[in-house]
Structures are given as structure tokens and as C-alpha cells.
Amino acid sequence: MSRGSVENTPLYKRIYAVVRQIPAGHVATYGQIARIVGRCTARLVGYAMAALPSDTDVPWHRVINHQGKISPRSTGDCGIRQREQLEAEGIRFNHQARTDLRAVGWQGPDRRWLRRHGPGVAAPPQE
DNA sequence: CGGCTGACTCTGG
DNA sequence: TCCAGAGCCAGCC
């Protein structure tokens, strides 16, 4: 079923599309994803992650909270698995279980990717 | 159509 | 730097 445009795609779907752009060895925060998606809050991103199936191709493990830590979930020990997944990609955790967002933080999707999606997806904050 | 669920971020002290 | 409180939307049954 071709949704055609991104604007016709459900918000969750758009969030997954952005998360899929995160390259291995890098991580992004929920707030950052929300900002890129546009018209979306950090919580919605977290909720969208929780709604992901176990066999998803979305690299949900590369999405962490603003503290640079893996967000605690209600059920399952997937959090531990998430950390191992990140470590396998070269992400290092300190004794505080925190990652260095300055080093492994995602810079955002390619400008062309944003263009390809057209309206509906806001550009990342430019400092 | 109403209600429940869920993986966050920001600001102040 | 750490802790606490408030704000908040979309999907699904």
C-alpha cells in the first residue's frame, strides 16, 4: 500500500523512518528524533519505540534519553540487551552507565534525505 | 466513541 | 551535578 507522501503516513511510521537513518556507532535522543520528525514530542518517540515489534528493522537501540543513558522500561530486560547492542557498535559506557553524546551523538539525517521526504519533516536545529 | 497505556524533556532549587 | 514536579499525544480495544 503506497502511502504516497509522508504527510499521509502515521506519526509513528515517520518516527521509525527517522530512527532508521541513525548510522551504526551513533546514538540519538528521543527529543532529537522528535525535533527532526516535527510536530512530535519526545514522549511520543518513546511511545513509538515501545510499540515496535520484536522483529522490527528499526534500530531502536540507538535511541536513548537526553541524559545519554538507556531509558528504563516497564518490562523485560531489553535494556541490558540494548546496551550490549550499542557496545557491539562501538558505543562506550562509563561507570555511570552513560554514553558520551558529544562523541557518539548523531548529527542528524542527510539534507537530501530530508528533501526526499519533503514537507512534514522539519530540519534539524542549526546552531 | 471513551478509556487505557507508554522506552521523555524541561525548569527550578 | 542530582532530585522533584509538571506537561503531554497517538494507537488500540
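Protein chains get the first letters and strands the later ones, always in sequence-line order, with residue 1 at the start of each. This one's a predicted model, so the numbers in the text were calculated from it and none came from an experiment.
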**OP:** Both distances under 3.5 Å, Watson-Crick or G-U wobble: report the partner of dC8(C), or none.
**Re:**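 dC8(C) is unpaired by these criteria.
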To the nearest Å, give me how far apart [atom1] ([X]) and [atom2] ([N]) are.
X: I33(A); N: dC9(C); atom1: CD1; atom2: C1'; value: 17 Å
X: I15(A); N: dG11(C); atom1: CD1; atom2: C1'; value: 11 Å
X: I70(A); N: dC8(B); atom1: CD1; atom2: C1'; value: 15 Å
X: M49(A); N: dT9(B); atom1: CE; atom2: P; value: 12 Å
X: R14(A); N: dG11(C); atom1: CZ; atom2: C1'; value: 16 Å
X: Q85(A); N: dA7(B); atom1: CD; atom2: P; value: 19 Å
X: Y16(A); N: dA7(B); atom1: OH; atom2: P; value: 12 Å
X: R81(A); N: dA7(B); atom1: CZ; atom2: P; value: 16 Å

Nearest-nucleotide pick for [X], side chain only, options being [options]:
X: R98(A); options: dC2(C), dA10(C), dT9(B); result: dC2(C)
X: Y12(A); options: dC8(B), dA10(C), dC2(C); result: dA10(C)
X: L52(A); options: dA7(B), dT9(B), dG6(B); result: dA7(B)
X: N65(A); options: dA7(B), dT9(B), dC2(C); result: dT9(B)
X: P72(A); options: dC8(B), dG6(B), dA10(C); result: dC8(B)
X: H66(A); options: dG11(C), dC10(B), dA7(B); result: dC10(B)

Original post:
Does a salt bridge link R112(A) with D110(A), judged by any charged N lying under 4.0 Å from a carboxylate O?
Top reply: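 Result for this pair is no, no salt bridge flagged.
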Subject >> Salt-bridge criterion met for R20(A) and D57(A) (N-O under 4.0 Å) >> reply: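 Salt bridge flag = yes for D57(A) with R20(A).
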Original post:
Can you tell me how far CD1 of I64(A) sits from CD1 of I33(A), rounded to the nearest 0.5 angstrom?
Top reply: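 Taking CD1 in I33(A) and CD1 in I64(A), the distance rounds to 10.5 Å.
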Original post:
Which part of the nucleic acid, if any, lies within reach of L44(A) when heavy atoms closer than 4.0 Å are counted: base, sugar-phosphate only, or nothing?
Top reply: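 It contacts base atoms.
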Original post:
Heavy atoms under 4.0 Å, any strand shown: does A50(A) hit a base, just sugar-phosphate, or nothing?
Top reply: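 Base contact - A50(A) has a heavy atom under 4.0 Å of at least one base atom.
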**OP:** Please determine if R98(A) forms a cation-pi arrangement with F93(A), meaning its NZ or CZ atom is less than 6.0 Å from the six-membered ring centre and no more than 45° off the ring axis.
**Re:**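 Here R98(A) fails the 6.0 Å and 45° test against F93(A).
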Subject >> Sidechain-backbone polar pair: Q82(A) side chain, V63(A) backbone, donor-acceptor under 3.5 Å >> reply: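 Yes.
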**OP:** May I ask you to verify whether the side chain of R43(A) and the base of dC9(C) hold a donor-acceptor pair under 3.5 Å?
**Re:**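 For R43(A), whose side chain was compared with the base of dC9(C), there is no donor-acceptor pair (under 3.5 Å).
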Original post:
Given dA7(B), is OP1 or OP2 found less than 4.0 Å from the side-chain N or O atoms of S74(A)?
Top reply: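 So the side chain of S74(A) is within the cut-off, an N or O lying under 4.0 Å from OP1 or OP2 of dA7(B).
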